[in-house]
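Starting from 1, each residue takes its place in the sequence as its number.
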Amino acid sequence: MTDIHSDKILILDFGSQYTQLIARRVRELGVYCEIWAYDNDLTTIQEFSPKGIILSGGPSTVTEEHTPRAPEGIFEMGVPVLGICYGLQCMAEMLGGEVSTSDKREFGHADVELCSENSLITEVSQSVWMSHGDKVTAIPAGFKIIAKSGNAPLCAIADEQRKFYGVQFHPEVTHSEFGEQLLSRFVHDICGCGNNWSASNIIQDAIDTARSKVGDDHVILGLSGGVDSSVVAALLHRAIGDQLTCIFVDNGLLRKDEGDQVMATFANNMGVRVIRVDAEQRFLNELAGENEPEAKRKIIGRVFVEIFEEESNKIDNAKWLAQGTIYPDVIESAASKTGKAQVIKSHHNVGGLPDDMELELLEPLRELFKDEVRKIGVELGLPAKMVHRHPFPGPGLGVRILGEVKKEYADVLREADAIFMQELESTGWYEKTSQAFAVFLPVKSVGVVGDNRAYDWVIALRAVETIDFMTATWAHIPYDILGHISNRIINEVRGISRVTYDISGKPPATIEWE
């Protein structure tokens, strides 16, 4: 069996918005890596035994005394180190170089020229992405300048003997012309890592791990039909077969025909044991009269937990609870526990299962990014449409119906949303957007249907383009397509008099309306 963790890179995070992108790029190169906070102690890092270390960028400045630094002793570990942006400045300052605030800051594209031969950069010239206000003004002993830009004469430096490298630009972003090649040279050529991190190897490792942990016990999984829980279901079904029981709680807040599609995919086609619980009326009863978004989330989460517990107690020999936790969830959870992240609102995924369930946790995806989850989903044979579907919040339409949730509103929204999705798919815009959906607005608008005056509800359409969902731009869907969608919704969905299109970016708006 291939050890997918035998060659690994450690990324120390100094707070850059691109840190997770560095990890994704390294993994795309077939190398396992983890993101840790910059202030982890040296002993823990040594126990992790990385073949190389990357110091991320960050918003701080090393010209101030009490800003982040790498752990003392990291440069004596004998492993290659790559510093990116703030990581370069931190390394240079800690090893005896000098950093100062630049008179001319660089944000965006910059042209970089090679100064001397080295193992990291081979291109004579390239266009890169810069984002810095400080610059290295004197290099530490043992280093040489290997590249320069207009505003950063010491744009990249290297100590070839100790295998320490630093670049002022961001090779992890797609705007940097040869960024992938640079990272490949570091992790493969300089650090000596192989290519063990692949979809097939990840699947086999997860199967072997699940079988070893579970033994003859039974596992239960809350199946939502979303990408993460669907991939967990397919993975565990392959690993342990009938020892897995999925509980699918239909809360009445799903998209059109979604419940039937989930059952068709897993129970009928794949032979997964799925218990479907029709709980629409129970959720609607609990939500009656509630308008506040956070309160609605908590109600939906609480009722889900209650139903899940009730069904779980009916399953004999259930010792394990499987969840679709993925690596960004782990990173964000760790950040919130250390006070390094601010909670804007409750996470869309329903969670918070009680400790007294007395079930051990099984999280086969907790090391994976979303794009990796999708890749192994395809490899496991899940339908491409399911694997590549847009994100859908755990509370479902409950946070896409503004104000109080009623069955009438949910039924209208389901039909409008289905038309929106049909048209996006038929025009190729579904693949071009990262997330798209309809929102029900509990306000009425005057309209004319035939020769009659109508006073009906309003639907808002939302479609965004994003890479990391931290920022997003509204999708510039052509007017003729939007016009056709609007006509279809008003003509085909009784109770709608007006359709609007949301052109807000994130920030300042969030992607979801609630």
Side-chain angles (χ1 to χ4, degrees), residues 1-11 20-35 48-52 54 172 180-181 183-189 191-215 219 221 223 225-244 246 265-266 269-273 320 322-331 361-389 431:
M1 172 183 162
T2 302
D3 183 357
I4 59 175
H5 304 102
S6 58
D7 295 343
K8 52 196 174 188
I9 298 293
L10 177 61
I11 301 166
Q20 289 193 29
L21 194 53
I22 299 172
R24 288 169 58 191
R25 295 288 175 260
V26 170
R27 291 187 179 194
E28 286 168 2
L29 293 168
V31 180
Y32 179 70
C33 63
E34 290 188 11
I35 298 172
F48 182 67
S49 191
K51 297 195 81 170
I54 297 177
E172 68 273 23
E180 180 182 347
Q181 292 89 329
L183 290 172
S184 177
R185 291 185 200 109
F186 180 71
V187 301
H188 290 139
D189 303 337
C191 298
C193 294
N195 298 286
N196 293 338
W197 189 255
S198 65
S200 58
N201 286 345
I202 292 168
I203 290 171
Q204 191 57 54
D205 180 79
I207 288 172
D208 292 341
T209 300
R211 286 173 177 167
S212 173
K213 281 186 175 182
V214 171
V219 179
L221 166 68
L223 181 61
V227 176
D228 301 333
S229 70
S230 296
V231 172
V232 171
L235 187 62
L236 292 180
H237 180 66
R238 182 175 292 190
I240 59 175
D242 288 343
Q243 291 171 249
L244 170 70
C246 296
T265 298
F266 290 96
N269 297 338
M270 294 176 60
V272 179
R273 182 182 293 168
W320 296 85
Q323 288 189 332
T325 307
I326 61 175
Y327 195 42
D329 299 333
V330 176
I331 296 169
L361 208 55
L362 188 63
E363 299 174 310
L365 307 182
R366 68 177 286 114
E367 291 183 340
L368 306 182
F369 286 103
K370 178 70 82 172
D371 50 344
E372 295 172 319
V373 173
R374 295 187 196 278
K375 286 177 183 175
I376 72 169
V378 171
E379 187 101 359
L380 287 164
L382 289 175
K385 188 174 181 179
M386 173 178 283
V387 172
H388 294 288
R389 74 189 309 183
E431 291 77 17

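By the side chain to side chain contact (heavy atoms under 4.5 Å, CB included) test, Ala206 pairs with Leu235, sequence neighbours left out. A search for side-chain hydrogen bond (donor to acceptor under 3.5 Å, both in side chains) contacts involving Thr265 returns nothing, not counting sequence neighbours. Every salt bridge (Lys or Arg N to Asp or Glu O under 4.0 Å) that Glu372 has, sequence neighbours left out, goes to Arg27. Partners of Arg238 according to the salt bridge (Lys or Arg N to Asp or Glu O under 4.0 Å) rule, which considers only residues two or more places apart in sequence or in another chain, do not exist here. Every residue two or more places apart in sequence or in another chain was checked for a side-chain hydrogen bond (donor to acceptor under 3.5 Å, both in side chains) with Gln181, and none qualifies. Taking Tyr32 as the reference, His5, Trp197 meet the ring pair (Phe, Tyr, Trp, His ring centres under 6.0 Å) condition, with sequence neighbours excluded. Checked against side chain to side chain contact (heavy atoms under 4.5 Å, CB included), Asp242 has the following partners two or more places apart in sequence or in another chain: Arg273. Not a single side-chain hydrogen bond (donor to acceptor under 3.5 Å, both in side chains) links Asn269 to another residue, sequence neighbours left out. Not counting sequence neighbours, Ser49 has no partner by the side-chain hydrogen bond (donor to acceptor under 3.5 Å, both in side chains) test.
Contact of the Asp3 side chain with the Asn196 side chain is not registered, since no non-hydrogen atoms from C-beta on lie closer than 4.5 Å. In this structure, Val31 and Lys51 have side chains that are not in contact, with every pair of non-hydrogen atoms separated by 4.5 Å or more. Here the side chains of Leu368 and Val231 are not in contact, with every heavy-atom distance at 4.5 Å or above. Side chains of Ile9 and Pro50 form no contact here, defined as non-hydrogen atoms less than 4.5 Å apart. Residues Leu236 and Val232 are in side-chain contact: their nearest non-hydrogen atoms beyond the backbone lie under 4.5 Å apart.
For the atom pair CD1 (Ile331) and CD1 (Ile326), the distance works out to 9.5 Å, reported to the nearest 0.5 Å. The structure places SG of Cys33 at 4.0 Å from CD1 of Ile11, a figure rounded to the nearest 0.5 Å. From Lys213, atom NZ reaches atom CG of Leu362 across 6.0 Å, with rounding to the nearest 0.5 Å.
When all heavy atoms of Trp320 and Leu361 are compared, the closest pair comes out as CZ3-O, 3.6 Å. Residue Ala234 comes nearest to Phe266 through the heavy atom pair N-CE2, 4.4 Å, listed as atom of the first residue, atom of the second, then distance. Closest non-hydrogen pair, Ser230 versus Gly226, comes out as OG-O, 2.6 Å. When all heavy atoms of Leu221 and Ala322 are compared, the pair lying nearest together is CD1-O, 3.2 Å. Among all heavy-atom pairs drawn from Ala239 and Ala210, the shortest one is CB-CB, 4.2 Å. Shown here for Gly324 and Asp329, the closest heavy-atom pair between the two residues is O-OD2, 4.4 Å.
Put simply, the side chain of Asp7 gets close to the backbone of Gly194: a donor and an acceptor are under 3.5 Å apart. Under the 3.5 Å distance criterion, the side-chain polar atoms of His388 are left unmatched by any main-chain donor or acceptor of Glu431. With hydrogens and angles disregarded, a donor-acceptor distance shorter than 3.5 Å links the side chain of Thr209 to the backbone of Asp205. Between the Tyr327 side chain and the Gln20 main chain, no donor and acceptor come within less than 3.5 Å of each other.
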Requested in this report: Let me see the working for Val272 and Leu223 under side chain to side chain contact (heavy atoms under 4.5 Å, CB included), right down to the final yes or no.
Outcome: CA-CA 11 Å; Val272 179; Leu223 181 61; over 6 Å; no
Using side chain to side chain contact (heavy atoms under 4.5 Å, CB included), reason through Thr2 and Gln204 one step at a time and then give a plain yes or no. CA-CA 9 Å; Thr2 302; Gln204 191 57 54; over 6 Å; no
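Within the structure, the salt bridge (Lys or Arg N to Asp or Glu O under 4.0 Å) test picks out the following pairs touching residues 361-370 (sequence neighbours left out): Asp228-Lys370, Glu363-Arg366.
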Check residues 373-387 and write down every donor-acceptor pair under 3.5 Å in which the side-chain atom is one partner and the other belongs to a residue at least two apart or another chain.
from	atom 1	to	atom 2	distance (Å)
Arg374	NH1	Val387	O	2.5
Arg374	NH1	Arg389	O	3.4

